[in-house]
Amino acid sequence: MSATARPGPASDGLTGPLVGADWLAARRGEGVVLFDASVGAHRGAAARIPGARPFDLDGALSDHTAAAPHTMPGVPQLEEALRALGVNDTDTVVVYDAQGIYSSARAWWMLRAMGFDRVAVLDGGLPAWTAAGRPVEREPARYDGPRGTFTARPRPGLIVDADAVTAALADPAAAVLDARTRERYAGTAPEPRPGLRGGHMPGSASLPFGELQRDGGAMRPADELRREFEAAAGGRERLYFSCGSGVTACVLALGATLAGYRDLAVYDGSWSEWGLPSDRPVATGGEALGEATGESGSP
């Protein structure tokens with residue numbers, strides 16, 4: 001999957017999809033756009049890294065006309081939202097969230113899907129920033145500056161739909177990995193959203209996003225991540241990721257990128273779509289590819 005490279009300074013200093021608190025502190029305000037992508041109870045919290053702008057996944061940066069929460073906006077809507085937030089084609093973007101690495105990876109993946117590669121996630125998020133003794137402003141993320149020039153250059157295949165996932169489940173060269181807890185995957189824990197069936201896609205594998213992280217929410221080293229993915233995917237290199245609503249699936253995409261995988265896709269609707277009553281198959285039990293049991297259709 002390739003896209004036209006966009007212009008930008010060679011001195012942005014990014015060497016991968018993660019940056020640390022020291023890197024950010026040294027460059028904040030020097031052509032670096034900083035986003036707070038916190039969601040849920042943390043959205044709009046009165047604490048931000050100074051200068052952070054809101055990447056509002058619960059608001060303008062999701063498509064609320066879609067049935068599934070956190071659906072990727074259409075290209076014109078996303079381009080307009082990022083321009084309104086002052087993002088330029090030549091900027092470097094860093095994204096964080098208040099939970100460590102949770103929803104920030106979603107913002108990172110969305111920008112990559114729009115052909116913008118000069119973007120990174122703050123490793124460990126706001127907790128890591130404050131633990132390093134860095135300053136915090138006691139106000140929500142906001143932006144009231146000039147419009148930017150962001151130009152979307154969409155990359156097909158990074159965000160996919162249910163049909164693509166159905167095809168992947170039948171593809172012996174692909175693996176579909178589920179970022180939800182093992183209990184939700186197995187169908188032994190209730191879904192937090194009403195009306196969804198319990199369980200998982202037959203043929204998918206469980207890899208909870210939290211297992212890719214150290215205590216405190218920072219990502220584990222690349223060699224450890226590689227072992228986790230090899231165990232879950234059975235050595236397959238083409239990986240598709242799902243979760244509850246397309247957010248923590250992007251943590252798996254981040255981990256896989258750090259581990260050296262390149263052929264990656266996120267299922268946008270995730271279980272919020274697949275788990276609805278329908279003729280899409282659902283299985284219960286099992287934790288690995290080929291071990292699903294109890295296959296069923298709609299309840």
Minimal non-hydrogen separation, [X] against [Y], with atom names:
| X | Y | answer |
| --- | --- | --- |
| Ala107 | Val95 | CB-CG1, 3.6 Å |
| Ser278 | Trp274 | OG-O, 4.4 Å |
| Asn88 | Asp91 | N-OD2, 2.7 Å |
| Ala47 | Leu126 | O-CD2, 4.4 Å |
| Ser206 | Arg180 | OG-O, 4.4 Å |
| Met72 | Ile159 | CB-CG2, 4.3 Å |

If we only count heavy atoms from C-beta on, is the [X] to [Y] side-chain gap below 4.5 Å?
| X | Y | answer |
| --- | --- | --- |
| Met114 | Thr151 | no |
| Leu24 | Tyr96 | no |
| Leu82 | Phe116 | no |
| Ser103 | Phe55 | no |
| Arg134 | Arg28 | no |
| Ile101 | Leu212 | no |
| Trp271 | Val282 | yes |
| Val87 | Leu111 | no |

Judged by atom type as modelled, is there a donor-acceptor pair below 3.5 Å linking the side chain of [X] to the main-chain atoms of [Y]?
| X | Y | result |
| --- | --- | --- |
| Arg262 | Thr257 | yes |
| Ser62 | Gly59 | no |
| Arg236 | Ala175 | no |
| Trp23 | Leu18 | no |
| Arg226 | Ala259 | yes |
| Asp63 | Thr71 | no |
| His200 | Gly187 | no |
| Tyr143 | Pro146 | yes |

Rounded to the nearest 0.5 Å, what separation is found between the [atom1] atom of [X] and the [atom2] atom of [Y]?
| X | Y | atom1 | atom2 | value |
| --- | --- | --- | --- | --- |
| Leu276 | Glu273 | CG | CD | 7.5 Å |
| Arg147 | Arg83 | CZ | CZ | 7.0 Å |
| Arg220 | Glu211 | CZ | CD | 8.0 Å |
| Trp108 | Leu122 | CH2 | CG | 14.5 Å |
| Arg214 | Met219 | CZ | CE | 10.0 Å |
| Leu169 | Arg280 | CG | CZ | 11.5 Å |

Fill in: Evaluation steps, side-chain contact (heavy atoms from CB on, under 4.5 Å), between Val266 and Leu158
CA-CA 6 Å; Val266 167; Leu158 270 68; over 6 Å; no
Item to complete: Give the intermediate values and the outcome of side-chain contact (heavy atoms from CB on, under 4.5 Å) for residues Asp89 and Arg153.
Response: CA-CA 11 Å; Asp89 286 334; Arg153 297 174 172 87; 4.1 Å; yes
Worksheet item: Is it true that Arg43 and Asp36 have a side-chain N and a carboxylate O under 4.0 angstrom from each other?
Response: no
Worksheet item: Does Asp117 come within less than 4.0 Å of Arg155, counting only side-chain N to carboxylate O?
Response: yes
Discussion item. Per the ring pair (Phe, Tyr, Trp, His ring centres under 6.0 Å) rule, what does the pair list look like for residues 242-261, sequence neighbours excluded?
Written reply: Phe229-Tyr261
Could you go through residues 240-254 and list every donor-acceptor pair under 3.5 Å that involves a side-chain atom there, pairing it with any protein atom two or more places apart or in another chain?
| unit_1 | atom_1 | unit_2 | atom_2 | d |
| --- | --- | --- | --- | --- |
| Ser242 | OG | Ser270 | OG | 3.4 |
| Ser245 | OG | His70 | ND1 | 2.9 |
| Ser245 | OG | Arg193 | NH2 | 3.3 |

Worksheet item: Among Asp97, Asp58, Asp268, whose salt bridge (charged side-chain N to carboxylate O under 4.0 Å, His left out) with Arg106 holds?
Response: Asp268
Discussion item. Show me the pairs that pass side-chain hydrogen bond (donor to acceptor under 3.5 Å, both in side chains) and involve residues 119-129, at least two apart or across chains.
Written reply: none
Discussion item. Is it the case that atom CG in Asp215 sees more than 12 heavy atoms from other parts of the structure closer than 6.0 Å?
Written reply: no
